[in-house]
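Data first, discussion second: the structure below is written as structure tokens.
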Amino acid sequence: MQEFTDKIRAALSERSGLPAQGLKLEQPRDPKLGDFAFPCFPLAKALKKAPPAIAAELAGELAEDLDGISVEAAGPYLNFRVDPARLAESVVSAAVEAGSSYGSTRDGEGKKIVIDLSSPNIAKPMSVGHLRSTVIGGALQRIFDALGYETVGINHIGDWGSQFGKLIAALDRWGAETDLETDPIQALLALYVRYHEEEESDPELAEAGRAAFRALEGGEDEEVRRKWEHITELSLAEFDKIYSRLGVTFDEVRGEAFYEPYLESAVDRVEAAGITEMSEGALIVDLSHISESTPPCLLRKTDGTTLYATRDLAAVFHRWELYEFTRCLYVVGGDQRLHFQQLKGVLERMELDWEERVEHIAFGMMRLPEGRMSTRKGRVIFLEDVLDRAVEEALRIIHEKNPDLSCAAEVAEQVGVGAVVFNDLRRERIKDVEFDWDEILSFEGETGPYVQYTHARLASIQRKAKDRGEGEGEPDWAALEDARGVLLRIGRFPDVLRSAARNAEPSEVSTWLLGLSREVNGWYASHRVLGQDSGVTTARLALVRATQQALAAGLRLLGVAAPDEM
RNA sequence: GCGCCCGUAGCUCAGCAGGAUAGAGCACUGGUUUCCUAAACCAGGGGUCGCAGGUUCGAAUCCUGCCGGGCGCGCCA
């Protein structure tokens, strides 16, 4: 479709003298007005004429330049309409030829994008809260891949810090009475909760926790190290089960511990920049250049051990040296805004010019109706339970609506998990979401299953056409005149992807999928594909195919399966 | 107290880097299946775009203040 917009821009640029790139083509309010619109207001000043007069004049001139595109002035607007047959042929062919890679470009060739995603903490179960980073990050990685970037998805496991000292202390004290093998994460969680319950009234326990972390960080105590490694292995094995259901893979799975050997040099590097100071016994970087009230970044505690910020600093240095990224995206909740502001603040004070390539891709918090989730207080919803219930519900509906479906269990998994994933990617990532079972188990309206269902019906028509040997004639492209809405949606996909990547916003893809589904469902309800005049059937079938593939391409980027039957 | 984020229909959200009469879904009411999957489609009601100023030919969109909600604020991660 870009061929048409390029043509319009070029002609407009020629006639107005403005650079083609800056000309913004919009969609007319009412689709009846045209396919693209150009408001003439910005030209008024330069030409010293009223916008409607400019529009009228340009309409006449442009009509000569644009072959196959009609122009009409409507007040201060210029409305363009592409010849229906040309639009149909162009959009449908592009989508069908590209197939599952429709929307892909080479925009990002030679550029690297590092994405920090998921990043759960060891020894804690994955809650629906962790879903967000995993699913948003996974979608972003696929979107950037599709645009030709080289991406590096890093799962930065929270496997380090004083909490593991606490856990080891708890294990030392109560390990004998704990079964770690049957359900390791639940057992570890119970230990963690118990530690916190007893810590306050038991100074010895608190000291044991601190001592264990010191020993862990010191690296000389083999015993402590082994316990920590065991905890890590148990947890990672559990996480992998979820990741495989979500279809998420990583290029690197690195715990914070991985950066442990780099901590000293990271601190040295910051110190060498001459921006550190001692404050109340701790090593800090002052950040008052950001604002008077920005708290300093702590690199080292009074007892000499490092902190979260130190490790993230070591990690970002390491990533820069390894990849020289174009963008380094941290898909982390908005509650950590200050942390990333401080991290970037330190890089800024070090005068590293790549500081602005580091971005915090913040997302809203997942909350329960009764408030914030809290693992310690047992106020959490486990991701596994949500997936299981969604799949169960999908299976129930399949039995009800399509009892003959052959691979029902497999499709139920695709639909159930798809519903959960899509639901999370449906709204702008920045918005907080309140967890709601009814919403997540709903498969009607603006949901993943709605898009999947649309896809399945389009796939079904193609199967039937093949059986009957229909749709092999010369396509009568003009017959797609009244599928304009569908065509324009399909044609817009490459722009949607670019925008989604620029804004690191997967919801732009979900919104597009819902719009295309709505559009094609409306068309489907009033047009029959099979059994028409050969040219009409062929053209409609091609549209069906193009739409089906476009939907599949979009769903794939979001990490949602596109079953052919459901 | 200070800082950041959010605020569009009863509910959940779109509204594309300011542009034409603010759009969907859910819920509610009514309709559509001898016809390619009714997880669908069509029709209907429902809005002072939190409030007040400002910038502009033009503001849901940009700026300022206020209100409401969320999050955060040195040795946790």
Side-chain angles (χ1 to χ4, degrees), chain A residues 24 26-30 33 37 39 41-42 44-45 50-51 74-77 79 119 121 158 160-163 166 256 279-284 291-303 305-309 311-312 333-339 341 362 364-365 367 372 394 397-398 400-402 405 415 419 426-428 430-434 436 438-439 442-447 449-450 452-454 456-465 468 492 495-496 499 502-503 507-508 511-512 514-515 517-518 521-531 540-541 544 565-566:
Chain A
K24 197 180 146 206
E26 340 189 303
Q27 308 163 239
R29 264 267 164 271
D30 184 347
L33 293 170
F41 303 100
K45 247 186 203 140
Y77 289 88
N79 291 319
S119 310
N121 289 327
W160 204 246
S162 50
Q163 55 172 324
K166 296 175 184 180
E256 292 182 282
S279 166
E280 297 165 40
L283 185 69
I284 67 160
S291 88
E292 204 48 49
S293 58
T294 305
C297 179
L298 269 82
L299 296 181
R300 228 190 259 287
K301 294 189 255 183
T302 318
D303 68 2
T305 55
T306 58
L307 292 107
Y308 180 46
R311 294 188 283 277
D312 251 3
D335 54 349
Q336 290 190 40
R337 278 198 170 86
L338 179 59
H339 167 70
Q341 200 182 9
M365 297 283 93
R367 280 175 297 106
R372 206 187 169 136
I397 295 176
I398 288 170
E400 180 188 311
K401 309 208 180 228
N402 195 357
L405 187 63
V415 173
R426 191 166 57 99
R427 60 204 111 208
E428 253 186 319
I430 199 67
K431 297 210 158 108
D432 285 351
V433 311
E434 188 172 292
D436 179 359
D438 287 343
E439 181 186 287
S442 153
F443 296 172
E444 288 171 20
E446 296 178 327
T447 65
Y450 170 72
Q452 291 174 315
Y453 177 69
T454 308
R457 291 209 296 182
L458 299 178
S460 171
I461 294 178
Q462 294 176 74
R463 279 194 304 275
K464 293 216 154 75
R468 302 196 202 175
R492 204 164 286 131
D495 281 343
V496 169
S499 174
R502 185 178 63 237
N503 301 326
S507 71
E508 292 183 24
T511 301
W512 173 81
L514 289 170
S517 298
R518 195 184 325 115
N521 276 322
W523 178 82
Y524 175 102
S526 55
H527 296 78
R528 254 194 93 72
V529 175
L530 304 179
R540 288 185 180 168
L541 192 62
V544 163
E565 290 180 75
M566 65 185 267

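Lettering of chains follows the sequences in order, A, B, ..., and the numbering in each one begins at 1. Because only heavy atoms are used, hydrogens play no part in the values below, and waters and symmetry mates are left out as well, while side chains stay in.
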- Query: A37(A) near the nucleic acid: base, sugar-phosphate alone, or nothing, with a heavy-atom cut-off under 4.0 Å?
  - Reply: base
- Item | Of the listed nucleotides A39(B), A17(B), C41(B), the one nearest the side chain of K24(A) | A17(B)
- Message: Please report the distance, rounded to the nearest Å, between CD in E439(A) and C1' in C26(B).
- Response: 10 Å
- Message: If I take atom CG in residue L33(A) and atom C1' in nucleotide U21(B), what distance separates them, rounded to the nearest angstrom?
- Response: 11 Å
- Reckon Y453(A) has a side-chain N or O less than 4.0 Å from the OP1 or OP2 of A39(B)? yes
- Task: Give a yes/no answer on whether the side chain of R29(A) brings an N or O atom under 4.0 Å of OP1 or OP2 in A20(B).
- Result: yes
- Message: Side chain of K431(A) only, heavy atoms from C-beta on: which candidate in A20(B), A40(B), G7(B) is closest?
- Response: G7(B)
- Message: Please classify the nucleic acid contact of P51(A) as base, sugar-phosphate, or nothing, using heavy-atom distances under 4.0 Å.
- Response: nothing
- Is G522(A) touching bases, backbone alone, or none of the nucleic acid, heavy atoms closer than 4.0 Å? sugar-phosphate
- Whole angstrom value for the distance that separates C1' of C71(B) from CZ of R367(A): 10 Å
- Where the side chain of Y524(A) is defined as all heavy atoms beyond and including C-beta, which of A38(B), G3(B), A77(B) is the nearest nucleotide? A38(B)
- With a non-hydrogen cut-off below 4.0 angstrom, is N79(A) in contact with a base, only sugar-phosphate, or nothing? base
- Does S162(A) get its side chain close enough to the base of C76(B), under 3.5 Å, for a donor-acceptor pair? no
- Item | For G10(B), glycosidic torsion class - syn if within 90° of 0, otherwise anti | anti
- A38(B), C16(B), C41(B): which one has an atom nearest the side-chain heavy atoms of R518(A)? C41(B)
- Query: Do the side chain of D335(A) and the base of A77(B) come within less than 3.5 angstrom through a donor-acceptor pair of N or O atoms?
  - Reply: no
- May I ask you to say what L514(A) touches in the nucleic acid, namely base, sugar-phosphate or nothing, with a heavy-atom cut-off under 4.0 Å? nothing
- Short side-chain N/O contact to C76(B) OP1/OP2 from K301(A), under 4.0 Å: yes
- Touch class at under 4.0 angstrom, heavy-atom based, for G158(A) against every strand present: nothing
- Do the side-chain N and O atoms of E428(A) and S507(A) include a donor-acceptor pair separated by under 3.5 angstrom? no
- Mind checking P295(A) for me? I need base, sugar-phosphate or nothing, with any heavy atom below 4.0 Å counting as a touch. sugar-phosphate
- Item | Per F443(A) side chain, nearest of listed nucleotides U37(B), A40(B), A39(B) | A39(B)
- Against the side chain of S293(A), the closest entry in A38(B), G74(B), C2(B) is C2(B)
- Atom of N402(A), atom of M566(A) and distance for their closest heavy-atom approach: ND2-O, 2.7 Å
- Could you work out which one of G3(B), U37(B), C57(B) sits closest to the side chain of A456(A)? U37(B)
- Give E428(A) one of three labels, base, sugar-phosphate or nothing, depending on what nucleic acid heavy atoms sit under 4.0 Å from its own. sugar-phosphate
- Task: Examine the side chains of N521(A) and Y453(A) and answer whether a donor and an acceptor come within less than 3.5 Å of each other.
- Result: no
- Task: For A27(B) and A9(B), measure between their C1' atoms and round to the nearest Å.
- Result: 12 Å
- Taking 4.0 angstrom as the limit, do R427(A) and E439(A) come out as a salt bridge? yes
- Message: Whole angstroms only, please: what is the CD-P distance between E256(A) and A77(B)?
- Response: 8 Å
- Rounded to the nearest angstrom, tell me the gap between atom CH2 in W512(A) and atom P in C16(B). 18 Å
- For the residue pair L405(A) and E565(A), what are the closest heavy atoms and their distance? CD1-CB, 3.6 Å
- Message: Classify Y450(A) by what it touches in the nucleic acid, base, sugar-phosphate, or nothing, heavy-atom distance under 4.0 Å.
- Response: sugar-phosphate
- Message: Looking at every non-hydrogen atom in both residues, tell me the closest pair between M365(A) and G333(A) and how far apart they are.
- Response: CE-CA, 3.8 Å
- Item | Atom P, compared across A59(B) and A52(B): separation rounded to whole Å | 15 Å
- Message: Please check if the number of heavy atoms outside E400(A) that lie under 6.0 Å from its CD is greater than 12.
- Response: yes
- Query: Among the nucleotides A39(B), C75(B), C4(B), which one has an atom lying closest to any side-chain atom of T302(A)?
  - Reply: C75(B)
- By nearest-nucleotide position on RNA chain B, the 5'-leaning member of E508(A) and I430(A) is I430(A)
- Message: Using whole Å, what does the distance between atom C1' of nucleotide U33(B) and atom CZ of R457(A) come to?
- Response: 11 Å
- Task: Rounded to whole angstrom, note down the P distance from G65(B) over to G47(B).
- Result: 32 Å
- Using the C1' atom on both, measure G3(B) against A24(B) and round to a whole Å. 36 Å
- Under a 3.5 Å limit on both distances, the Watson-Crick or wobble mate of A59(B) is none
- For E280(A) and T302(A), work out which heavy atoms get closest and say how close. O-OG1, 3.8 Å
- Write down the distance separating the C1' atoms in C66(B) and C75(B), rounded off to the nearest Å. 37 Å
- Query: Within this structure, what is the CD1-to-P distance between I397(A) and A39(B), rounded to whole angstrom?
  - Reply: 9 Å
- Query: Where each residue is assigned the nucleotide of RNA chain B containing its nearest heavy atom, which of R463(A) and S499(A) is assigned the position nearer the 5′ end?
  - Reply: S499(A)
- Note on the structure: Regarding the side chain of R427(A), the nearest nucleotide among C13(B), C71(B), A20(B) is C13(B)
- Task: Would you indicate which nucleotide in A77(B), A39(B), C73(B) comes nearest to any side-chain atom of P449(A)?
- Result: A39(B)
- Message: Which nucleotide, if any, forms a Watson-Crick or G-U wobble pair with C51(B), using both distances under 3.5 Å?
- Response: G65(B)
- Given the P atoms of C11(B) and U48(B), what is the spacing between them in whole Å? 13 Å
- Task: Let me know the distance between CG of D432(A) and P of U12(B), rounded to the nearest Å.
- Result: 12 Å
- Task: Give one of base, sugar-phosphate or nothing for R502(A), where a contact means two heavy atoms less than 4.0 Å apart.
- Result: base
- Flag the pair R367(A) and D436(A) as a salt bridge only when some basic side-chain nitrogen lies within less than 4.0 angstrom of an acidic carboxylate oxygen. no
- Query: Can you tell me the Watson-Crick or wobble partner of A24(B), both distances under 3.5 angstrom?
  - Reply: U12(B)
- Message: By the 4.0 Å heavy-atom rule, please label L530(A) as base, sugar-phosphate, or nothing.
- Response: base
- Item | Minimum heavy-atom distance between V496(A) and E508(A), given as atom pair plus value | CG1-O, 3.5 Å
- Query: So what does E565(A) touch, heavy atoms closer than 4.0 Å: a base, only the sugar-phosphate, or nothing?
  - Reply: base
